[in-house]
Amino acid sequence: MEAPPIAVSRVAFGYGRAGHGRASSGPEEVLQDVSLTVAAGRLTALLGPNGAGKSTLFRLIVGRLQPLRGEISIFGQPAASLDSVSRARLVGYLPQEVRAAFGFSVGEVVLMGRYPHLRFGLESAHDRGVASRCLERTDTAHLAARRFDTLSGGERQRVLLAAALAQEPRILLLDEPTAALDWHHQHEVLALLDSLAAEGLAICLVTHDLNLAARYCHQLYLLEAGRIAAAGGPDEVLRGPALRRVYGQALRVIDDPDLGRPLILGPLPGEAPCPPA
Amino acid sequence: MSAGLTARRLVLGLLGCALVLAVAVGVSLLLGSVRVDPAEVWAALRDPSRRPGNLHYTIVIGQRLPRVLLGLLVGGGLGLCGASFQALLRNPLADPYTLGVASGSALGASLALAAKWSLQVGPFGGVQVAALLGGLAVTAVIWRIGVVRREFRVESLLLGGVTVALVTSSAIIVIRTLADPHFLVTLDRWLLGSLAAALPRDSWSLLPFLLVGGLPLLALGPAFNQLALGEELAHGRGINAGRVQVWTFLAASLVTAGTVSVAGPIGFVGLIVPHAVRSIWGPDHRLLLPGSALVAGGFLLLCDTLARTVVAPTEMPVGVVTAVIGGPVFLLLLWRRR
């Protein structure tokens, strides 16, 4: 059997003075003993409150940060042993914060996704073909000639998703890919991710929308203060005791009458949304 | 898909930029305070050894040619560094002097001029060495401020650059107050930037800086494109953002210090030329970097030709001409962007 696209094993990480010769003071650990697997052909969701360590975990996987302890492997190879371009051919990463400088067009931004595949520093006709297919798939082809910095938040997110797809990775890490999208495009993007997973991609996304995770994702990890509080399918994680512990007792879980999946609702009037301790 | 840089567009763009430079070289060789017939200019260029005693020969080969060579190297360096600093700071208003390199060089040169330092190191004169050391010293200070654990802090760099510029200009005022009034004229000429004293050896002494610092910058176009969307995204595409930023900072500072040491701080070239190239050929750094170098070389030569001819037989510092032309052009560009 092929090694899983991503395997994170007992990883710990702390910001602060790590690796700066003052280990005695000890960094505060924002991730502790985290293990998870991202499988091909499925949508994996990372859930959890702000500051739980979801984005940090992504940054560790793409090598932007180095773990204090533990192992991260990509298709069985230690992540640290991959050079940055080989890693970029395997892993597409859409961070939460993206800037826009110098008035690049949407078409140019999507073509930039081809960077890890370029041979002589210029895109070929093949690269252009890939980029234009990715624009089509994310419903952004009509924006190709527009300046990227004039787009709305939702349009930007779809264009960046197109750029990530143009990278033709086998793994996609998406940090809140639906945060700025309207209801229609949220479902459209998740349906697209679902079909990409069906084509064999391994996709892991961070989301705060528990219902989108319930509806589309196969494997869920709930993070709480740097630890995995629950892991499993939507039924296990969203109906389990950990969810209320993390998000507060006032949260209600009912059955979606049509799909039978869990549906998460907010507190009743008069009940305070109990914040995590 | 319409957008994007193709090989064809890259070649056409570079040809366009090279044409600007070629026209500027021609104009600079033909025009000057002394009228030399184009046929004589051509004859002198074709056979430099023919008539060494001839006055027109001396003007074309002995004066205009070294000046044209230095102008295109200094301008090219400034254009390339301007585009690089703009990419590095992700800000189209940055220029080669934003991080204080030129202020350091100015302080170094002022000290050397005030002390009448007559050292000669290989092709380098005393003022030139002092300007270089000043620029590199500022680079080291800014490095300490803005590069933390090999990570690049843009805000600290900008604040550090502005502060260093203020401190050095105060120090220069102190030097002016104490110095012999005689030397003020020389100092002012230096501080405004000029190609007037161009000798062939100046071009030779600038060349190593362009080769060591400039060539690597030219290769960074694709990485600068990725960095325009942020370090995090660039990292995901396989770029070591921190390393690219640190090397860009060092290479561009080195080239800038080199140009300032031979010609003084010539303003606006590194700011408006990348703007103009971007507005004509688009923001892609694979074309923008070499294109800015070519066009800036041409722009500086044209400004220098004006500096030599408008008030002939005397001449203005070219830094005044670039400011008088560059300032309004820049305002116009900003106006159009509204």
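Order of the sequence lines sets the chain letters (A, B, ...), proteins ahead of strands, with each chain counted from 1.
For a residue to count as touching a neighbouring chain, one of its non-hydrogen atoms must lie under 4.5 Å from one of that chain's; by this rule A:L118 touches chain B with the side chain only. With a threshold of 4.5 angstrom between heavy atoms, A:V91 approaches chain B through N, CA, C or O but not through any side-chain atom. With a threshold of 4.5 angstrom between heavy atoms, B:L10 approaches chain A through side-chain atoms but not through N, CA, C or O. Both the backbone and the side chain of A:A163 come within contact range of chain B, judged by heavy atoms closer than 4.5 Å. Looking at B:N225, the atoms closer than 4.5 Å to chain A (heavy atoms on both sides) sit in the backbone and in the side chain alike. In this structure, chain A has heavy atoms under 4.5 Å from both the backbone and the side chain of B:R237. At a 4.5 Å heavy-atom cutoff, the contact between B:R286 and chain A is made by side-chain atoms alone. The contact between A:F148 and chain B is made entirely by side chain atoms (from C-beta outward), counting heavy-atom distances below 4.5 Å. Only the side chain of A:R87 comes within less than 4.5 Å of a heavy atom in chain B; its backbone stays farther off.
The shortest heavy-atom contact between A:E123 and B:L5 is OE1-O, 3.8 Å. A:S84 and B:G238 get closest at one heavy-atom pair: OG-O, 3.1 Å.
The choice from B:H235, B:Q86, B:R90 that makes the most heavy-atom pairs within less than 4.5 Å of chain A is B:H235. When each of B:G230, B:G236, B:P283 is scored by its heavy-atom pairs under 4.5 Å with chain A, the top score falls to B:P283.
Residue A:E199 places its CD atom among more than 12 non-hydrogen atoms of other residues, nucleotides or ligands, all under 6.0 Å distant.
We find the CG-CZ distance between B:L227 and A:R99 to be 10.5 Å, quoted to the nearest 0.5 Å. Note: A:Q96 CD to B:L233 CG = 13.0 Å, rounded to the nearest 0.5 Å.
A salt bridge links A:R59 with B:E232: the distance from a Lys NZ or Arg NE/NH1/NH2 to an Asp or Glu carboxylate oxygen falls below 4.0 Å.
In this structure, A:F104 and B:H285 have tilted ring planes: the angle between them lies in the 30° to 60° band.
Although no hydrogens or angles enter the test, the distance criterion places a donor-acceptor pair under 3.5 Å between the side chain of B:Q226 and the main chain of A:M112.
Within the 4.5 Å cutoff, no side-chain heavy atoms of B:T6 are placed close to those of A:L122.
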query = Between A:F102 and B:L288, is a side chain to side chain contact (heavy atoms under 4.5 Å, CB included) present by the stated rule, with each step listed?
reply = CA-CA 11 Å; A:F102 302 126; B:L288 182 66; over 6 Å; no
